[in-house]
Engineer: 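This is the structure, below, for whatever I ask next.
We're numbering straight along the sequence, starting at 1.
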Amino acid sequence: MTQKTLLLQLLLLVVAVAASSANQLPSNLTQLDANEIPQRYDEAQLWRIYNISEAMQQRVPVGQMLEQKFGGNIWKENSKFLDISIARDQLKAARSFLSAHRLDPQILSHNIQSMIDEELLEGIQSSSFGHGRRTKKAARSSMHWKDYHDLETIYSFMREIRTKFPNIVRLYTIGQTAEGRDLKVLRISENPRENKKVWIDGGIHAREWISPATVTFILYQLMSDWENQPAHIRGLTWYIMPVMNPDGYEYSRTTNRLWRKNRSPSRRAQCSGVDLNRNFDIGWNGYGSSTNPCSDTYRGSAPASERETRAVAEFLAKRKYNLESYLTFHSYGQMIVYPWAYKAVKVKDASVLQRVSSLAAERILQKTGTAYRAAVTHEVLGIAGGGSDDWSRAALGVKYVYTIELRDRGAYGFVLPPRFIKDTALEGWTVVETVAQAIGPSSSG
């Protein structure tokens with residue numbers, strides 16, 4: 001153990017003790033189940049491997065092999081490169097495997113655990129100490145964007161908005177998870193019957209913490225000055241679901257920071273969870289997902305086998321009239337992409353979708369200086385069936401369908417330090433504003 005690691009662990013301990021004694025236990029130091037020992041990633045490395053498509057031509061599925069044979073955890077896989085984390089005790093063997101196929105990994109991180117520790121420490125410092133005690137007024141839901149929050153903080157923020165705006169806000173519980181957590185959606189509308197509708201979700205993949213943080217920020221941006229919003233914002237009905245995968249999200253906070261799937265039990269006891277973004281009823285048994293329950297991209301036993309998938313699909317199917325946009329927030333990669341993902345074809349109105357996503361990317365560049373790429377999903381992320389975005393277009397006929405891959409491009413990946421939350425969330429809000437303008441106000445407004 002290095003001196004730096006030891007110092008960091010001591011700091012974390014001191015911070016935790018100080019916080020708990022002040023009755024200010026940070027939300028990401030929640031109670032652990034006695035059976036769940038947190039998984040550590042000491043000296044696990046994050047690799048980026050280029051030229052994997054050449055290996056694929058020789059029928060060597062590099063990602064799959066590293067996952068199955070060497071316990072690798074795939075972070076990102078596309079036509080250009082593979083990002084994968086490898087545990088310390090598998091580094092040598094995995095490197096030999098790559099060498100045998102003339103592949104050489106670029107090391108993005110030498111110690112993933114130190115990234116995780118630093119993310120936690122930075123959040124604790126900025127929210128508990130760096131900015132002093134929060135005022136009584138702001139402390140009601142204790143929501144801010146200096147750190148990542150647990151599910152209860154997010155849900156209490158949603159309840160607070162409903163209480164403040166009882167005439168235009170409705171809070172739905174659209175179902176429960178396998179572990180009994182509520183699935184919550186907030187509706188904001190001055191005219192639910194006639195307004196065009198926008199759906200926004202986050203947190204379908206547990207480890208992508210920047211996603212729920214961005215969606216709660218979007219909610220804040222909408223409601224902090226609702227009365228003065230332009231007609232193209234106020235004239236729409238907004239459905240907002242910050243966390244589509246509550247069980248997975250909480251598990252990633254308490255037990256395994258890199259967990260992706262939900263937590264539904266599998267028939268094979270040693271592996272649990274389904275990738276909800278491979279579980280929707282569109283190209284479900286095609287490319288880009290796995291039939292192996294132990295895989296991170298396990299598609300489930302059937303289309304919409306999962307409670308979360310069914311709850312969202314049923315809720316939206318009843319509200320498809322006037323549903324103009326489906327926006328789903330993910331990380332990482334800095335992209336604004338649109339269908340199709342399940343097949344190598346563009347939708348008929350791709351030119352319109354490209355124009356709006358390009359405009360959003362231009363505006364983001366002007367605002368924060370961050371470059372986002374606008375493109376068709378399958379061209380930049382590869383083919384994958386079962387996605388919520390493709391499903392919303394195919395099943396409901398939604399026009400403006402976008403998956404937004406937030407920051408960054410791999411330096412931190414899923415473990416994005418809290419200091420980047422605000423600007424990243426602003427980038428998400430910029431996409432929302434741009435799409436709302438493209439839709440235009442409802443005729444009734």
Engineer: Other residues, nucleotides and ligands only: do more than 12 of their heavy atoms fall within 6.0 Å of NZ on Lys320?
Structural biologist: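 No, not enclosed.
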
Engineer: Between Leu171 and Tyr155, is a side-chain contact (heavy atoms from CB on, under 4.5 Å) present by the stated rule, with each step listed?
Structural biologist: CA-CA 10 Å; Leu171 183 59; Tyr155 280 0; over 6 Å; no

Engineer: Is a donor on one side and an acceptor on the other found under 3.5 Å between the side chain of Ser109 and the backbone of Asn111?
Structural biologist: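 Present.
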
Engineer: If you round to the nearest 0.5 Å, how far is CZ of Arg409 from CG of Leu108?
Structural biologist: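 Here the rounded value is 14.0 Å.
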
Engineer: Verify, without hydrogens or angle tests, whether Arg310 (side chain) and Ala304 (backbone) share a donor-acceptor contact under 3.5 angstrom.
Structural biologist: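 Flag set: sc Arg310 to bb Ala304 pair under 3.5 Å.
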
Engineer: Closest approach of Val243 and Pro212, non-hydrogen atoms and distance?
Structural biologist: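 Looks like CG2-CB, 4.0 Å.
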
Engineer: Might you work through the side-chain hydrogen bond (donor to acceptor under 3.5 Å, both in side chains) test for Asp182 and Gln176, ending with a clear yes or no?
Structural biologist: CA-CA 5 Å; Asp182 285 344; Gln176 268 81 32; 2.6 Å; yes

Engineer: Just so I know, are the side chains of Asn279 and Trp284 near enough to count as touching, which here means a heavy-atom distance under 4.5 Å?
Structural biologist: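 Answer yes - side chains close enough.
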
Engineer: Under 4.0 Å between a side-chain nitrogen and a carboxylate oxygen: does that hold for Glu119 and Arg257?
Structural biologist: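 Looking at Arg257 together with Glu119, the answer is yes, because their closest N to O distance falls below 4.0 Å.
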
Engineer: Is the CZ atom of Phe165 crowded by more than 12 outside heavy atoms at less than 6.0 Å?
Structural biologist: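 Buried by this count: over 12 neighbours within 6.0 Å.
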
Engineer: Checking Gln354 against Tyr338 for the side-chain hydrogen bond (donor to acceptor under 3.5 Å, both in side chains) test, could you report, in this order, the C-alpha distance in whole Å, the side-chain angles of both residues, the deciding distance, and whether it holds?
Structural biologist: CA-CA 8 Å; Gln354 179 66 37; Tyr338 53 89; 2.6 Å; yes

Engineer: Using modelled atom types and a 3.5 Å cut-off, is there a donor and acceptor pairing between side-chain atoms of Asp247 and backbone atoms of Glu179?
Structural biologist: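 Pair found, side chain donor or acceptor close to backbone of Glu179.
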
Engineer: In Å, rounded to the nearest 0.5 Å, how long is the span from OG of Ser290 to CD of Gln68?
Structural biologist: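 So the OG of Ser290 and the CD of Gln68 are separated by 7.0 Å.
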
Engineer: Testing the basics here: between Ser127 and Asp147, what is the closest heavy-atom pair and its distance to 0.1 Å?
Structural biologist: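 Heavy atoms of Ser127 and Asp147 come nearest at OG-OD2, 3.7 Å.
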
Engineer: Look at the rings of Phe280 and Trp391 and say which category their plane angle falls in: under 30° parallel, 30 to 60° tilted, over 60° perpendicular.
Structural biologist: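 Phe280 and Trp391: tilted rings.
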
Engineer: I'd like to know if the side chain of Gln334 reaches the main chain of Tyr372, judged simply by a donor and an acceptor atom lying under 3.5 Å from each other, with no hydrogens or angles considered.
Structural biologist: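 Not confirmed, Gln334 side chain does not pair with Tyr372 backbone.
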
Engineer: Would one find more than 12 heavy atoms of other residues, nucleotides or ligands at under 6.0 Å from atom CZ of Arg373?
Structural biologist: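 For Arg373, atom CZ is not crowded (no more than 12 foreign heavy atoms under 6.0 Å).
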
Engineer: For Asn245 versus Ala206, what's the shortest heavy-atom pair and its separation?
Structural biologist: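 Closest approach of Asn245 to Ala206, heavy atoms only: ND2-N, 3.8 Å.
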
Engineer: Taking Glu122 for the side chain and Arg419 for the main chain, is one N or O donor matched with an acceptor at less than 3.5 Å?
Structural biologist: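 It does hold such a pair.
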
Engineer: Of the options Tyr220, Phe420, Trp429, Trp209, which is the one that meets Trp145 in a ring pair (Phe, Tyr, Trp, His ring centres under 6.0 Å)?
Structural biologist: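 Option passing the ring pair (Phe, Tyr, Trp, His ring centres under 6.0 Å) with Trp145: Tyr220.
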
Engineer: Output yes when a side-chain donor or acceptor of Arg393 lies under 3.5 Å from a complementary backbone atom of Lys399, and no otherwise.
Structural biologist: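 Yes; judged by distance alone, with no hydrogens or angles, the pair exists.
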
Engineer: Can you check side-chain contact (heavy atoms from CB on, under 4.5 Å) on Ile188 and Leu222, steps first, answer last?
Structural biologist: CA-CA 9 Å; Ile188 304 147; Leu222 277 172; 4.1 Å; yes

Engineer: Just to verify, which of Asn277, Asp389, Thr377 counts as forming a side-chain hydrogen bond (donor to acceptor under 3.5 Å, both in side chains) with Thr403?
Structural biologist: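 The side-chain hydrogen bond (donor to acceptor under 3.5 Å, both in side chains) with Thr403 is passed solely by Asp389 among Asn277, Asp389, Thr377.
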
Engineer: Before accepting this row, confirm whether a basic side-chain N of the pair Glu427/Arg407 lies closer than 4.0 Å to the acidic partner's carboxylate O.
Structural biologist: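 Yes, this pair counts.
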
Engineer: So how far is it from Thr153 OG1 to His144 NE2, rounded to the nearest 0.5 Å?
Structural biologist: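 These two atoms lie 8.0 Å from each other.
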
Engineer: List the steps and the verdict of side-chain contact (heavy atoms from CB on, under 4.5 Å) for Leu327 and Ile218.
Structural biologist: CA-CA 12 Å; Leu327 304 176; Ile218 289 164; over 6 Å; no

Engineer: What are the two closest heavy atoms between Ile439 and Leu236, and how far apart are they?
Structural biologist: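 Scanning both residues, the minimum pair turns out to be CG2-CD2, 3.8 Å.
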
Engineer: Heavy atoms, side chains only, cut-off 4.5 Å: are Trp226 and Glu190 in contact?
Structural biologist: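 With C-beta onward as the side chain, the pair touches.
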
Engineer: Apply side-chain hydrogen bond (donor to acceptor under 3.5 Å, both in side chains) to the pair Asp225 and Gln229, showing each step before the final yes or no.
Structural biologist: CA-CA 6 Å; Asp225 196 21; Gln229 293 286 8; over 6 Å; no

Engineer: Evaluate the criterion side-chain contact (heavy atoms from CB on, under 4.5 Å) for residue pair Thr370 and Asp423; output intermediate values, then yes/no.
Structural biologist: CA-CA 9 Å; Thr370 306; Asp423 274 358; over 6 Å; no

Engineer: What's the spacing between Asn51 CG and Lys80 NZ if we round to 0.5 Å?
Structural biologist: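 Interatomic distance, Asn51 CG to Lys80 NZ, rounded to 0.5 Å: 11.5 Å.
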
Engineer: Taking NZ, NE, NH1 and NH2 as the nitrogens, is one of them in Glu308 or Arg263 under 4.0 Å from a carboxylate oxygen of the other?
Structural biologist: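 Answer for the salt bridge query: no.
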
Engineer: Is there a side-chain contact between Asn262 and Glu306 in this structure, where contact means two heavy atoms from C-beta onward sitting under 4.5 Å apart?
Structural biologist: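 Contact flag for Asn262/Glu306 side chains = yes.
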
Engineer: Which pair of non-hydrogen atoms, one from Ala436 and one from Trp238, has the smallest distance, and what is that distance?
Structural biologist: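 For Ala436 and Trp238, the tightest heavy-atom pair comes out as CB-CH2, 4.0 Å.
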
Engineer: Report yes if the side chains of Arg207 and Asp296 come closer than 4.5 Å at any heavy-atom pair, otherwise no.
Structural biologist: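 Sidechains of Asp296 and Arg207: in contact.
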
Engineer: Looking only at atom types and distance, does a side-chain atom of Asn78 sit under 3.5 Å from a main-chain N or O of Leu381, one as donor and one as acceptor?
Structural biologist: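 Side chain of Asn78 to backbone of Leu381, a donor-acceptor pair under 3.5 Å: no, none is there.
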
Engineer: Determine whether a donor-acceptor pair (N or O, by modelled atom type, separation under 3.5 Å) exists between the side chain of Asn322 and the backbone of Glu194.
Structural biologist: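 Yes, Asn322 side chain to Glu194 backbone: donor-acceptor pair under 3.5 Å.
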
Engineer: First locate atom CG of Leu219, then atom CD1 of Ile240, and finally report the distance between them rounded to the nearest 0.5 Å.
Structural biologist: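 Answer for the CG-CD1 pair, Leu219 versus Ile240, is 4.5 Å.
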
Engineer: Please check if the side chain of Lys197 supplies one atom and the backbone of Arg319 the other of a donor-acceptor pair under 3.5 Å.
Structural biologist: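 Between the backbone of Arg319 and the side chain of Lys197 there is a qualifying donor-acceptor contact (under 3.5 Å).
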
Engineer: Check this for me: does any side-chain nitrogen of one of Glu160 and Lys164 sit under 4.0 Å from a carboxylate oxygen of the other?
Structural biologist: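 A salt bridge links Glu160 with Lys164.
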
Engineer: Say you draw a straight line from CZ of Arg260 to OH of Tyr298; how long is it, rounded to the nearest 0.5 Å?
Structural biologist: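 Rounded to the nearest 0.5 Å, the CZ-OH separation comes out at 15.0 Å.
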
Engineer: Specify whether Tyr332 and Trp75 have parallel, tilted or perpendicular ring planes, treating 30° as the upper limit for parallel and 60° as the lower limit for perpendicular.
Structural biologist: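 Rings of Tyr332 and Trp75: perpendicular, over 60°.
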
Engineer: Are Trp47 and Leu91 packed together at the side-chain level, in the sense that at least one heavy-atom pair is separated by less than 4.5 angstrom?
Structural biologist: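 When only atoms from C-beta onward are counted, Leu91 and Trp47 do touch, with a gap below 4.5 Å.
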
Engineer: May I ask you to test the Leu359-Gln437 pair for a side-chain heavy-atom distance under 4.5 Å?
Structural biologist: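 No. Closest side-chain heavy atoms not under 4.5 Å.
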
Engineer: Step by step, would you call Tyr41 with Asp117 a side-chain hydrogen bond (donor to acceptor under 3.5 Å, both in side chains)?
Structural biologist: CA-CA 10 Å; Tyr41 291 89; Asp117 290 344; over 6 Å; no

Engineer: Arg299 and side chain to side chain contact (heavy atoms under 4.5 Å, CB included): which single residue from Asp275, Asn292, Asn285, Val274 fits?
Structural biologist: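 Output: one option passes, namely Asn285.
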
Engineer: Under 3.5 Å, side chain of Ser325 to main-chain N/O of Tyr400, donor-acceptor pair present?
Structural biologist: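 Confirmed, Ser325 side chain pairs with Tyr400 backbone.
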
Engineer: Does any part of the side chain of Tyr402, heavy atoms only, come nearer than 4.5 Å to the side chain of Leu353, both counted from C-beta?
Structural biologist: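 A side-chain contact exists here, since the closest heavy-atom pair is under 4.5 Å.
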
Engineer: Would you mind reporting whether Ile154 and Tyr148 have side-chain heavy atoms less than 4.5 Å apart?
Structural biologist: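 No, too far: nothing below the 4.5 Å cut-off.
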
